[in-house]
Amino acid sequence: MLSNARLKYPKAKVIHLQVMNRLKFLISRSLSLSLVLFTISVAALAQQQPLRIKYWLAMSHPSSHLFEVTIEVGLPADANPSSLDFQMPRWSPGRYAVFDFAKNVQEVKARMACPAGLDCALPNLAITRLDDQTWRAQVGSFTPSGMSVMFSYKVFANDLSGTFSQLDSRHANFNGGCVFMYVVNHKQDPVSLSINAPKNWRVINGQTEGKDKTEWQFPNWDIMIDNPTEIAPDWTENDFKVEDKTYRVVGDEGGKRPDLVRDIEKIVRTETAMWGPPEFDSYTFLIHFANDGHSSDGMEHLTSTQVIMPGSLGEAGMLEETLDGIAHEFFHVWNVKRLRPIELGPWDFTRPANTRGLWIAEGITNYYGHLMQRRAGLSDDAKLLSTLAGQITEVENAPGSRLMSAEESSLSAPFIDDAVHAQHTNLENTSISYYPKGEVLGIVLDLLIRGRTNGKASLDDVMRRMYQEFYLKSPNATYYLRGRGFKNEDFERVTSEVAGMDMSDFFNRYVRGVESPPFETAFAQVGLRLVRDPRAPVAIGVSADENDQANFKIASVRPDSPAADAGVEVGDIITMFGGIKLTPANFLKTIARYKPGDRIQVTLQRGGHPVQTTITLASTKVFDYRLEEMNDATPGAKALRSAWLNGK
Ligand SMILES: [Zn+2]
Ligand SMILES: [Zn+2]
């Protein structure tokens with residue numbers, strides 16, 4: 001994903017490998033259960049046999065926002081389970097907050113299907129809701145060898161997003177994780193999908209090889225939900241080819257469309273030049289210009305990305321913002337969709353994801369998303385350096401950056417990746433996003449490696465070596481996807497190998513620790529200097545609520561700040577400041593009249609009552625960072641900078 005919006009995608013597996021994995025699974029399971037094996041019924045073992053699973057998706061009343069899902073499960077002929085459990089994920093890959101998609105499920109039913117060719121009326125099966133996300137269909141009483149269970153439900157969907165889904169009179173846009181339940185213990189089985197679209201609506205996704213395709217086969221459920229799909233009466237498609245791969249740009253708006261398609265092709269060429277050929281035949285960019293001022297997202301998938309922009313393509317800056325999202329999401333084709341932290345696929349959807357690797361998966365992707373726009377010629381040196389300095393500004397000013405490491409930030413993803421909190425939190429002061437934190441670490445690592453190897457190696461080599469070792473060359477570790485996931489220790493080892501020196505001190509201090517990385521040394525390698533300017537002459541350490549323009553209402557209080565020392569709390573309104581009525585508009589001008597050490601009489605409104613306090617002003621701890629050229633940069637440093645910026 002992107003930080004307010006993120007983007008992701010996967011691809012088909014080889015059947016015999018699946019069978020191998022299934023066998024390994026059965027063997028290990030049998031061993032672990034050997035003591036109690038004889039008490040386990042034949043039905044329980046039958047649950048581990050692959051089932052024939054087909055998903056039917058219909059949308060007969062688009063304005064109701066209700067998708068109609070039927071899961072047809074063919075029971076094995078030799079032994080039948082007494083029941084089948086169906087489970088809605090609590091979250092879906094790429095966005096790690098827990099959303100509990102089961103909340104939008106309604107009208108759950110199950111019945112036996114009539115045997116093929118027969119017309120019959122079979123009664124509904126009993127359904128038991130086992131917990132918040134699981135439904136059990138009782139099938140045992142029928143002992144229906146070789147028959148199918150038809151499990152059906154409706155799911156409400158009215159969000160245009162990279163994680164949620166939308167069905168309305170204009171279109172259907174779905175992300176499978178919030179629509180499709182899986183059959184418990186059978187997430188690894190091959191599945192098929194059939195879409196029944198409204199008349200004259202057309203279907204497109206990252207697995208649409210020909211026109212009017214409505215049926216798909218997937219090697220497992222995890223891959224099926226990695227295929228966001230747009231179904232609408234009208235959309236535009238522009239195709240281009242890069243090295244024999246077909247790329248489709250699918251969207252809903254004209255205007256600057258030729259520019260958009262041309263620049264996406266530049267991004268594809270530049271990122272492919274770094275990584276080598278991507279492992280697919282075709283890839284689809286699904287782009288919506290929502291033009292509603294708020295819908296904004298991006299999500300990576302194995303052979304597609306879904307990008308949703310809040311504005312229209314014609315408005316100022318929107319083309320550039322869209323390309324910024326695309327550069328990030330397309331980089332995920334390699335980093336996270338295929339080269340992945342070990343915890344990211346296959347997933348356990350009964351509990352939140354826990355991985356230490358999101359600073360690599362998202363943060364380093366964020367870094368390359370910016371760098372690749374420069375290498376593709378979509379931005380110049382000044383713009384890239386300003387963007388990178390902006391990321392440093394964000395990280396270095398965040399109090400949470402000195403409390404939360406990059407690894408802890410990754411583990412905190414369920415709380416900080418667009419999670420909604422009913423309970424008040426202190427995360428603003430205690431957390432840092434793995435996007436900018438990982439990006440800053442990526443910048444520093446890249447430049448240090450370039451400097452230490454005198455330009456012979458870079459972070460590009462680290463990423464390529466990781467992709468080779470863990471994705472392309474590793475035997476499949478699970479049913480889910482080619483290769484195996486990596487641990488942070490693997491990334492550290494490969495980084496040390498590429499750098500030609502032990503990098504454990506770097507990882508201890510800046511990845512697992514919370515120290516500021518060695519900016520000065522890193523930027524000096526390429527003849528640049530990081531400088532910082534205080535954002536204000538003095539500070540009290542608060543921010544104002546942007547939604548209240550009339551009052552200076554406190555939205556946040558920095559720990560260890562003059563305001564915190566004076567007992568100011570979030571929600572207080574500063575009415576009088578040194579005898580002046582304070583507003584958000586006159587705040588900076590008002591405090592600029594003072595200097596650090598001055599003591600100011602302040603009146604607060606707290607819970608409707610006036611409170612008097614004294615704030616002792618201090619120097620600001622907030623700085624704006626920028627990168628400037630060193631006057632004495634050596635030709636060697638300039639050559640390293642050019643190689644970095646141009647990808648040579
Ligand atoms: Zn991302
Ligand atoms: Zn649409």
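Just follow the structure's listing: the first ligand is 1, and inside any ligand the first atom is 1.
Below 30°, between 30° and 60°, or above 60°: for F285 and F240 the angle between ring planes is below 30°, a parallel geometry.
Residue-level check: among N/O/S atoms of E362, OE1 sits closest to the Zn ion (ligand 1). Nearest to the Zn ion (ligand 1), among the N, O or S atoms that H328 has, is NE2.
The pair E237-R202 fails the salt-bridge criterion, with no side-chain N (NZ, NE, NH1 or NH2) lying under 4.0 Å from an Asp/Glu carboxylate O. In this structure, R374 pairs ionically with D381, as a charged nitrogen and a carboxylate oxygen lie closer than 4.0 Å.
Note: F99 and F164 meet the aromatic proximity criterion, with ring centroids under 6.0 Å apart.
For the pair ND1 of H171 and OE2 of E230, the angle whose vertex sits at the Zn ion (ligand 2) is 110° to 10 degrees.
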